[in-house]
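Here's the structure, in structure tokens; my notes come after.
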2 protein chains.
Amino acid sequence: MANIKDIAKQAGVSISTVSYALNGSPKVTAETSARILAIAKELQYTPNAAARNLKKQETKVIGVFLSDFNGAFYGELLQGMKEGLKQSGYDLVACSGKQSHRLLPQRMIDGAIVLDESFSSEELLKYADLGHKLVVLDRDLNHPNVNQVLLDNKAGARLAVEYLIELGHRKLYVVTGPKGSFDSRQRLQAVKQVLSRHPHIQYIEMEGDFTKASGALAGLQIAQHFSEPAAVFCLNDEMAIGMYEYLTTTNIRVGRDISLIGFDNIEISQYTQPRLATIDYSKQKWGWLSSEQLLKLIAGEYVEHERIYVTLIKGDSVGAALSSHFTEPF
Amino acid sequence: MANIKDIAKQAGVSISTVSYALNGSPKVTAETSARILAIAKELQYTPNAAARNLKKQETKVIGVFLSDFNGAFYGELLQGMKEGLKQSGYDLVACSGKQSHRLLPQRMIDGAIVLDESFSSEELLKYADLGHKLVVLDRDLNHPNVNQVLLDNKAGARLAVEYLIELGHRKLYVVTGPKGSFDSRQRLQAVKQVLSRHPHIQYIEMEGDFTKASGALAGLQIAQHFSEPAAVFCLNDEMAIGMYEYLTTTNIRVGRDISLIGFDNIEISQYTQPRLATIDYSKQKWGWLSSEQLLKLIAGEYVEHERIYVTLIKGDSVGAALSSHFTEPF
DNA sequence: AACATAAATGAAAGCGCTTAAAAATACTCT
DNA sequence: AGAGTATTTTTAAGCGCTTTCATTTATGTT
């Protein structure tokens, strides 16, 4: 593979002249430059990234740390991020798992967007202290080298619970995410806040882990002790779908006997029968804003933290709590 | 950030000794090694990837070129690939869009898995000629540096069409993928092959592009001239879902008036009402095999091309063609 | 023509690492 | 003890590039 030395030899100039020409420096004459460029093209020259990175101490690529690639969710997010990086000269690579933890310390990327709880906040702060630029999507971190673009989890949870209460529900199950999850904590906090203004509501908390399986399990437990109509707020759609699937195998009717609402508005949610009520937000915009923020951070510009707003999507998986509707015994 | 020079100074040895110790070479005494390692840990040393890559002319990372990140499809695939790379010492980065085309020539990756038609076969062969190792998932390429893991598209299409014919359908719409798509071409080829043995079947071909929108559009066109029960084979699920969605807004009943079958068994397909009939295969295994093949190729081992087998998933979106069932006029 | 000044090119160092080969040290054996 | 061998460490080159600084060449001024 050709390198600048080959080009220099063939053009009869020094390698520095080649380098200048290749980088469009005005130091070199238009004609020499043209000659060099022509030879470069002829030799199918492409710069060696490792050499350039080593010299310049930057890679022009930014990483996205994901906990996994499951679900259509990440696709939309990544698409948005790419949008935000257009014409910035930066490339984006997505990564998940143990390997992600190598990227920053080994300086394979110039910055990272983090949506992966396998990174402890201590680890991230350590990177930030070392000068790495980060945008976090799944926690609250205070550091000059870290910015955050967070979901308005609390508003979302509030919308969901208030919706259920307005419809007359007096018994509320909440299926949480894993203990460590920032989103789950925030959503749960908001739930309790709303509930504190409605002391007459019966509240049952169940622990889930944001997977379909845990939603199904919660559904099973609810079904076993089922006695009266109730509302269920699964703290994400994945679990809501799991519960929905389980419940369709029982004679409990979603939207009648059990009102079910999720959070995230993942693609599948619109296909359940009845449609799953949920909390929506633009994943595209989330990704777009994140990468934009990271670019600014790298450029040294001041950036304000951003927040992604949410909206309620009503769906027939939630119905009014009319006890008269529920007469037949189980 | 500490480098081997810092460690060398602190340990009172030369940088080569440090390098040897860090790489576990037997050339250096156990005690010196221990001392060096201790200092390295203390200084929080991590090797500089650019420097190592430059010297070793390899990066220990492999790339996956995707046309986009849409749908849950890619998630499963990537998960499978990661599985295949476990304990190989290789990392995996996913990439889509223009930027992907930089990775190989700039030697940022040691090899690539390609599922992206924005790469022309000429481009890929050029890379292969330059010594890059590739595994292609979306075309048929004959080159010692290229391996392929292909779906058994023909078997799948055959299963789908024969299923429809067996149920008595005599009118078949096929919605194709984009012209350039290898999968679409293969599937279509198999369709025609089956049809050549059933000359009495009325065949209408419509061009789609594998997107939901194009499926919906095809649905619209079919609905406009709807006169008698028919079967529709959308060459992927995405389009089938699009058509399904459109048809639910009409009074044409999927599974009765129109029998609909897709290909891919994407996650959503199991949630339509009635369930979409489709062709299934393990995305996980596809990914896993691909990365395994790439590793072998890089290691210089001989590898046989692999094939991913498919199965038919029946669903109520397909029904028997009983003309008596269709009596009311539209 | 002699000089100052500006423009174009080249020489050289160095980014952080690996590794072949040389040098230094330790260990055998007569 | 000293030659020979094995073990441990160091020297030094180089991967391909960027960039500072020195050098050469062209341009303008008197």
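Keep in mind the model is a prediction, meaning the values are calculated, not measured. In what follows, chains are A, B, ... by sequence order, proteins preceding strands, each numbered from 1.
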Between [atom2] on [N] and [atom1] on [X], what's the gap in Å once rounded to a whole number?
X      : N      : atom1 : atom2 : result
B:N3   : C:dC15 : CG    : C1'   : 10 Å
A:I4   : D:dT19 : CD1   : P     : 12 Å
B:Q106 : D:dC17 : CD    : P     : 10 Å
B:K9   : C:dC17 : NZ    : P     : 13 Å
B:I15  : C:dG14 : CD1   : P     : 13 Å
B:D6   : C:dC15 : CG    : P     : 11 Å

Using every non-hydrogen atom in the two residues, find where [X] and [Y] come nearest and quote the distance to one decimal.
X      : Y      : result
A:Q57  : B:N48  : OE1-ND2, 4.1 Å
B:K133 : B:L294 : O-CD1, 3.6 Å
A:L141 : A:H305 : O-CE1, 4.4 Å

Would you give the length of the straight line joining atom [atom1] of [X] to atom [atom2] of [Y], rounded to the nearest 0.5 angstrom?
X      : Y      : atom1 : atom2 : answer
A:K283 : A:D264 : NZ    : CG    : 6.5 Å
A:S96  : B:Q79  : OG    : CD    : 5.5 Å
B:K27  : B:S25  : NZ    : OG    : 5.5 Å

- Message: Can you list, in residue-number order, the parts of residues 16-36 of chain A that come under 4.0 Å of DNA chain D, counting heavy atoms only?
- Response: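 When residues 16-36 of chain A is checked for heavy atoms under 4.0 Å from DNA chain D, the hits, listed by number, are A:S16, A:S19, A:Y20, A:N23, A:K27.
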
- Query: When you measure from every atom of DNA chain D, which of residues 43-61 of chain B have a heavy atom less than 4.0 Å away?
  - Reply: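 B:L54, B:K55, B:Q57 - these, ordered by number, are the residues of the stretch whose heavy atoms sit under 4.0 Å from the strand.
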
- Item | Aromatic ring proximity B:F119/B:F65, centre distance under 6.0 Å |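 Judged by ring-centre distance (under 6.0 Å), B:F119 and B:F65 do meet the cut-off.
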
- Are the charged groups of A:D110 and A:K60 less than 4.0 angstrom apart, N to O?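 Between A:K60 and A:D110 there is no salt bridge, as every charged N stays at least 4.0 Å from the carboxylate O atoms.
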
